[in-house]
Every structure is written in C-alpha cells, then in structure tokens.
Q: 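To start, I am sharing the structure in question, which I have written as structure tokens.
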Amino acid sequence: MKKTDNQVLVIFGASGDLTQRKLIPAVFNLYIRGFLPDCYAILGVSRTEFSDDEYRKKVVLENKYLNNTQQISEEQRQSFAKKVFYQSLDSDENQNYDYDILKDRLTKLEADVNSCDNIIFYLSTPPSLYGTIAEGLANAALNHGTSGWRRLIIEKPFGYDLASAKALNKKLLCHFTEDQIYRIDHYLGKETVQNMFVTRFANSIFEPLWNRNYIHRIEITAAESVGVEKRGGYYEGSGAMRDMVQNHLLQLLALVAMEPPVKADAESIRNEKLKVFQSLRPMSAEDIKTNVIRGQYIESTIKGKKSDGYRQEPGVDPASKTETYVAMKFFIDNWRWSDVPFYIRTGKKLPTRVSEVVVHFKPNHHHLFAHDSEISNSQNVLVLRIQPNEGILLKFSMKIPGAGFNTEQVNMDFHYDDLANVYVPEAYERLILDCMQGDATLYARGDSAEAAWEFIDPIIKAWQEDDSIPIFGYPGGTWGPEHADDLIEGKNMVWRYPCSNLTNDGNYCEL
Ligand code: BG6
C-alpha cells in the first residue's frame with residue numbers, strides 16, 4: 001500500500017449536491033477501508049452558515065448516500081463525523097471569498113489534527129469560480145506550504161470551449177504548478193476503464209491485433225436512460241458534446257487508441273494519451289455536416305408512461321437547440337489507426353444505461369464458411385463493458401454440430417461479479433485516494449484538456465453558426481435519431497444495440 005501523508009481536504013462548494021452524493025461518501029469509504037492517514041480532516045467551505053455539528057449531521061450522520069451496503073456501525077459513522085469540520089466564508093461582489101478567515105481556520109485545524117501542513121483544495125463550485133478561487137488561494141499564500149504540499153482538484157467541466165480552457169489553464173498556472181493541479185474526469189476512476197489499459201497491455205493476444213490491419217472499426221457508447229432531470233439550467237449551457245464527449249468519451253478513446261507507454265506512470269501514460277488527441281483528424285465543415293449527428297429527446301411514452309421532451313424540462317428554453325444526443329464518426333491520423341473509423345455515441349433518455357467500447361475485427365479475407373451477406377455477423381467482436389454488468393465479452397464463430405460447416409456466433413464472457421470478495425471502489429474513491437497520494441495518472445493534464453477541445457471546438461461552432469445543420473428529435477426510450485446508423489458504412493453494419501446485460505444485444509434485450 002502506498003504511503004498517504006497526514007492531510008486536510010478542503011472542499012469548496014461544501015453544501016452542494018456533489019459533495020453530499022459523491023465526495024463525502026467516497027472519503028467515508030476510504031475511512032472504512034483503512035486508507036485515511038491517522039491525522040486527517042475534511043473542511044467544508046461555502047457561503048451557507050452551518051456549525052461543525054450541523055454540517056456533520058447533513059453530510060455524514062443523516063447523509064443517505066453514505067455507504068449502507070457494508071455493515072457500518074453507528075460508532076464508525078460517529079467517529080468519521082469527528083473528522084469533518086465546516087467554515088462559512090463571505091464573498092465580495094466579485095465572488096472573492098474571505099481567505100484570511102480560511103487561513104486562520106486552517107492554521108487552527110493544523111494544530112488540532114496535526115495534518116503536517118498538507119492540503120488538498122477540492123473545487124466543487126460553479127466552473128466560473130475555478131480561476132478566481134485559485135487566485136484567491138494564491139493571494140492568501142495558501143498555494144504553497146511551509147513544510148507540506150498543496151494540491152488543487154478541479155471538477156469538470158474544464159472550460160466551455162478551447163479559448164476558455166486555455167484561459168483557465170493560464171490562470172491556474174499563474175498560481176499553481178502543473179503537478180499541483182488535478183483535473184478530474186470521473187470516468188477515469190472507474191475500475192473498468194482502467195482495466196481497458198490492462199486488457200490491452202497485459203495480454204499478448206490483443207496487442208498484436210490492435211491496429212488497422214485487424215480492426216475494422218471501434219464504437220464507444222455511453223447511453224443513459226434518464227433525462228436531464230433537475231439539471232436543465234446547467235445542461236442548456238452544455239449539451240451532450242460538452243457534457244460527455246469532450247471529456248469522458250474522448251478519455252475512453254485515448255485509452256483504447258494510445259500507444260503502449262514507456263512506463264505505467266503518470267507522465268508516460270499522459271504523454272501517449274495526448275498524442276491520440278493530437279492525431280485526431282480535424283473535421284472540415286463538410287465532415288461536421290455528414291459525420292456528426294445531433295439529437296434532442298422529444299415527448300414520448302416510455303413503458304406506458306408519458307415522458308417529457310427536453311424542451312419541457314425545468315430550466316430549459318422551450319425553443320432550445322441544445323443537443324441531448326450526439327453520434328459521430330471520425331479518424332485518427334497515425335500509423336496504427338490510419339483509415340479505421342471510430343464512432344462515438346452518447347445520449348439521454350435512451351433505452352438503457354450502458355457504457356461500453358466495442359472493437360469490431362475485420363472479417364477473414366477468404367470466406368470459407370459464410371455467405372457474403374452474413375459476413376458482418378461473423379466478424380469477431382470484443383466488448384469492453386464499462387457499466388453496468390461490468391465485464392468483457394468476446395464474440396467468435398463456432399461450428400453448429402451436425403452435417404456441413406454451418407457456423408454460429410457464440411459468446412465468451414467475463415463478469416466482474418464473478419470475482420467474489422473483490423471490492424470495486426467507486427470512481428471518486430479511487431481518484432481522491434490517488435490525489436491524496438500524489439498520483440496524477442488518472443487525472444487529465446492541461447495540454448490534453450486543450451487538445452481535446454481543439455477537436456471539439458469547430459463542431460460546436462459550426463452548430464452555433466450554421467442553421468442548416470439539423471437537430472433531430474427522437475422519442476425518449478429509443479436509440480436516438482435513425483440517421484446515426486447511416487454513419488456506419490457497410491452492408492448489414494449498424495451500431496451494437498446493447499442491453500443492460502453484457503451478453504445480449506439487439507432484439508434479445510431485457511432492458
Ligand atoms: C457527468 C455528466 O459528468 O456524467 C452527467 O455531467 C452524466 O450528465 C454523468 O449523467 C454520467 O456518469 P456515469 O458515471 O453515471 O456514467
């Protein structure tokens with residue numbers, strides 16, 4: 001087990017939803033599993049007034065998101081709650097907090113818990129405050145320790161477009177060094193996402209085939225069955241492209257497409273991921289029209305129940321053109337992937353919640369057993385399932401017993417569930433622990449956040465500026481606009497239509 005220094009976690013945005021739902025439960029799980037150092041404290045910070053005890057009650061003692069699946073005793077909750085403190089801070093009209101008060105409180109906390117002057121600042125605030133808080137911390141000399149370290153975790157979204165991401169990087173780097181900055185993308189904290197890296201590079205059977213000579217196409221899907229729920233206000237300024245594609249899906253792509261790094265350390269891995277983003281073929285205006293499909297869910301009936309369209313959601317403009325669905329086809333211009341199409345698809349109110357990477361291998365050059373029309377059904381397919389029913393599935397052809405050489409596709413699958421007694425940590429749990437230990441491998445580096453925006457920016461601009469690019473309505477509960485199937489060229493070739501169960505797809509779904 002790596003060493004974890006004594007430390008304090010300061011959470012800005014402490015009264016927010018993310019803190020309650022994800023951050024405190026993640027640290028609580030680390031506590032239960034014995035990963036917190038002896039001297040440890042959480043200091044929640046926001047403008048709302050709470051005493052320490054009121055805050056403890058809200059985020060620990062009465063927090064329904066705290067892990068209830070393990071046998072947690074009241075005593076454990078109570079003793080964890082004692083590690084949690086709160087400081088309300090006033091802010092001026094420019095949204096600058098009173099950092100002197102914060103500094104005094106941290107000095108006192110340091111003396112009380114003996115946290116060795118090590119502090120993580122977690123910015124879980126509206127993104128417009130990230131730069132301002134970094135600056136405020138620096139002005140109060142909180143960006144460096146006397147004897148300990150300082151780290152800064154920045155929640156997504158990192159920027160709104162290329163220009164704002166660059167401006168944010170610039171501002172952060174005025175006050176913190178790159179190795180102090182941890183840009184979080186919770187997809188990278190998922191065990192199954194990390195396992196893609198291991199599947200590729202720990203097994204000699206996959207890597208030799210992992211290139212243009214053997215791979216026909218790669219699909220990445222992140223489908224959600226829910227709509228935007230209460231987040232209409234945020235989503236209006238975001239849309240699926242900014243919310244999912246620029247970060248989570250491009251991060252998955254980087255892991256699927258990267259070259260083997262020299263070492264499994266943060267810099268080597270992040271160097272290779274950056275090269276993937278730098279090799280993305282920029283989309284021309286024509287490519288954007290033909291290879292990117294955007295959609296928005298419309299009113300529908302799902303399983304007999306009326307379901308609102310996006311434009312009816314609270315906080316959403318009734319004439320909104322914000323996309324809740326994106327499907328796109330693009331290429332990576334490098335030696336390994338030249339001419340291999342990559343497909344990304346994500347959307348809200350799709351039939352089921354599922355995220356997966358699907359690698360379609362090329363068919364045999366000489367078709368001994370299949371008729372041409374069946375070739376697409378006999379290609380080998382490797383599915384790396386991220387969620388739910390986490391696992392890996394390989395589809396391959398076998399002979400149907402009896403006369404002749406009739407073949408059928410069969411499945412070989414591994415499910416994480418089969419690993420009895422293995423605890424799979426929540427994404428935030430893993431990521432916070434990594435930051436506590438100073439490991440940035442699973443965090444996005446500034447240059448790659450910008451490189452990802454460089455690819456996405458022209459698409460968003462084209463959508464804003466060119467009214468002739470349609471936004472297709474799709475009924476909730478369907479797989480989005482049918483046009484998305486046209487992106488995949490080839491006889492009988494369509495997206496994999498997954499089910500929540502890894503091994504089934506298409507018509508055999510129990511959603
Ligand atoms: C978040 C997006 O980053 O990821 C949400 O803002 C989305 O809109 C969520 O629902 C999906 O995460 P997960 O882990 O549920 O796939």
Side-chain angles (χ1 to χ4, degrees), residues 1-11 22-23 25-42 115-124 134 143-145 147-156 158 169 172-173 176-202 247-248 251-252 254-255 258-276 422-449 452:
M1 203 197 285
K2 277 194 206 159
K3 179 177 165 292
T4 309
D5 297 329
N6 293 337
Q7 56 192 275
V8 174
L9 172 66
V10 177
I11 304 178
K22 297 286 181 186
L23 307 187
V27 182
F28 179 67
N29 284 350
L30 291 174
Y31 168 70
I32 296 295
R33 293 170 57 222
F35 283 110
L36 294 190
D38 295 340
C39 305
Y40 185 83
I42 296 177
S115 51
C116 302
D117 193 34
N118 297 318
I119 304 177
I120 296 178
F121 296 104
Y122 197 122
L123 309 194
S124 171
N143 58 341
H144 58 83
S147 54
W149 45 255
R150 301 286 183 270
R151 294 176 190 142
L152 187 68
I153 304 185
I154 309 275
E155 252 305 324
K156 106 170 224 286
F158 193 84
N169 264 334
L172 294 177
L173 289 168
F176 288 82
T177 55
E178 176 64 39
D179 63 2
Q180 288 181 292
I181 305 171
Y182 290 70
R183 297 170 194 78
I184 208 161
D185 183 314
H186 80 276
Y187 262 57
L188 292 176
K190 293 182 192 273
E191 270 302 317
T192 42
V193 172
Q194 293 158 47
N195 195 35
M196 288 178 6
F197 179 70
V198 174
T199 305
R200 280 191 62 192
F201 298 125
N247 32 66
H248 305 326
Q251 288 293 337
L252 295 184
L255 287 171
M258 69 194 268
E259 294 301 317
V262 183
K263 289 191 211 145
D265 64 18
E267 283 326 287
S268 311
I269 293 176
R270 299 194 304 174
N271 286 344
E272 296 307 331
K273 283 169 59 186
L274 173 64
K275 287 186 207 159
V276 173
V422 173
Y423 174 77
V424 180
E426 265 275 312
Y428 275 97
E429 202 176 318
R430 169 67 200 269
L431 292 171
I432 291 174
L433 179 62
D434 280 6
C435 180
M436 287 167 65
Q437 298 178 334
D439 181 352
T441 310
L442 301 178
Y443 287 84
R445 211 168 54 188
D447 49 7
S448 77

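Residue numbers count from 1 along this sequence.
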Q: Kindly indicate whether the side chain of L123, heavy atoms from C-beta on, has any atom under 4.5 Å from the side chain of E155.
A: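 The answer is no; the side chains never approach within 4.5 Å.
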
Q: Does any part of the side chain of L173, heavy atoms only, come nearer than 4.5 Å to the side chain of E178, both counted from C-beta?
A: yes

Q: Which atom pair, heavy atoms only, marks the closest approach of A449 to F158?
A: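 Closest approach of A449 to F158, heavy atoms only: CB-CD2, 4.0 Å.
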
Q: Out of curiosity, N195 CG to K190 NZ, how far, rounded to the nearest 0.5 Å?
A: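 Between atom CG of N195 and atom NZ of K190 there are 14.5 Å.
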
Q: Is L23 close to S124 at the side-chain level, that is, under 4.5 Å between some pair of heavy atoms?
A: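 Heavy-atom side-chain distance check passes, below 4.5 Å.
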
Q: Of all residues at least two apart in sequence or in a different chain, which pass the side chain to side chain donor-acceptor pair (under 3.5 Å) check with H186?
A: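 Not a single residue meets the side chain to side chain donor-acceptor pair (under 3.5 Å) criterion with H186.
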
Q: With E426, which residues qualify under side chain to side chain donor-acceptor pair (under 3.5 Å), at least two apart?
A: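 For E426 there are no side chain to side chain donor-acceptor pair (under 3.5 Å) partners, ignoring immediate neighbours.
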
Q: Distance from S115 atom OG to L9 atom CG, nearest 0.5 Å?
A: 11.5 Å

Q: Residues in side-chain contact (heavy atoms from CB on, under 4.5 Å) with P425, at least two apart?
A: R33, E191, Y423, E429

Q: Between D434 and T441, is a side chain to side chain contact (heavy atoms under 4.5 Å, CB included) present by the stated rule, with each step listed?
A: CA-CA 8 Å; D434 280 6; T441 310; 5.6 Å; no

Q: Between atom CG of L172 and atom CD1 of I154, what is the distance when rounded to the nearest 0.5 Å?
A: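 Interatomic distance, L172 CG to I154 CD1, rounded to 0.5 Å: 4.5 Å.
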
Q: How long is the span from the CG atom in D179 to the CH2 atom in W149, to the nearest 0.5 Å?
A: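 Going from CG on D179 over to CH2 on W149, the span is 12.5 Å.
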
Q: For the residue pair N169 and R183, confirm or rule out a side-chain donor-acceptor distance under 3.5 Å.
A: yes

Q: Atom CD in E267, atom CG in L274: separation rounded to 0.5 Å?
A: 10.5 Å

Q: Within the 4.5 Å heavy-atom criterion, are S448 and K273 side-chain neighbours or not?
A: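 The answer is no, as the side chains (C-beta and beyond) never meet within the 4.5 Å cut-off.
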
Q: Does any part of the side chain of P261, heavy atoms only, come nearer than 4.5 Å to the side chain of F201, both counted from C-beta?
A: yes

Q: Specify the closest pair of heavy atoms between G148 and N118, including all atoms of both residues, with the distance to one decimal.
A: CA-OD1, 3.1 Å

Q: Are the side chains of L255 and Q251 in touch, meaning some heavy atoms are under 4.5 Å apart?
A: no

Q: Do we see a donor-acceptor contact under 3.5 Å between the side chains of N271 and R445?
A: yes

Q: Only one of Q7, H144, R150 clears side chain to side chain donor-acceptor pair (under 3.5 Å) with D117; which?
A: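 So, applying the side chain to side chain donor-acceptor pair (under 3.5 Å) to D117 and each of Q7, H144, R150, only R150 qualifies.
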
Q: Looking only at heavy atoms, what is the nearest atom pair of I184 and L431, with distance?
A: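 Between these two residues, the closest heavy atoms are CG1-CD1, 3.7 Å.
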
Q: Under a 4.5 Å cut-off applied to non-hydrogen side-chain atoms, are T4 and Y40 in contact?
A: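 Result no, sub-4.5 Å side-chain heavy-atom pair not found.
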
Q: Over all heavy atoms of both residues, which pair between L188 and Q194 is shortest? Give the atoms and the distance, please.
A: O-NE2, 3.1 Å

Q: Are side-chain heavy atoms of F121 and N143 found at a separation under 4.5 Å?
A: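 Not touching, per the 4.5 Å side-chain cut-off.
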
Q: Roughly how far, to the nearest 0.5 Å, is the SG atom of C435 from the CD atom of Q180?
A: 10.5 Å

Q: Using every non-hydrogen atom in the two residues, find where M436 and R151 come nearest and quote the distance to one decimal.
A: O-NH1, 3.1 Å

Q: In terms of relative ring orientation, are Y182 and Y443 parallel, tilted or perpendicular, with 30° and 60° separating the classes?
A: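 Answer is perpendicular, since the angle exceeds 60°.
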
Q: May I have the step-by-step check of side chain to side chain contact (heavy atoms under 4.5 Å, CB included) for V27 and L36, ending in yes or no?
A: CA-CA 8 Å; V27 182; L36 294 190; 4.1 Å; yes

Q: Any idea which heavy atoms bring P37 and N6 closest together, and the distance?
A: CB-OD1, 3.4 Å

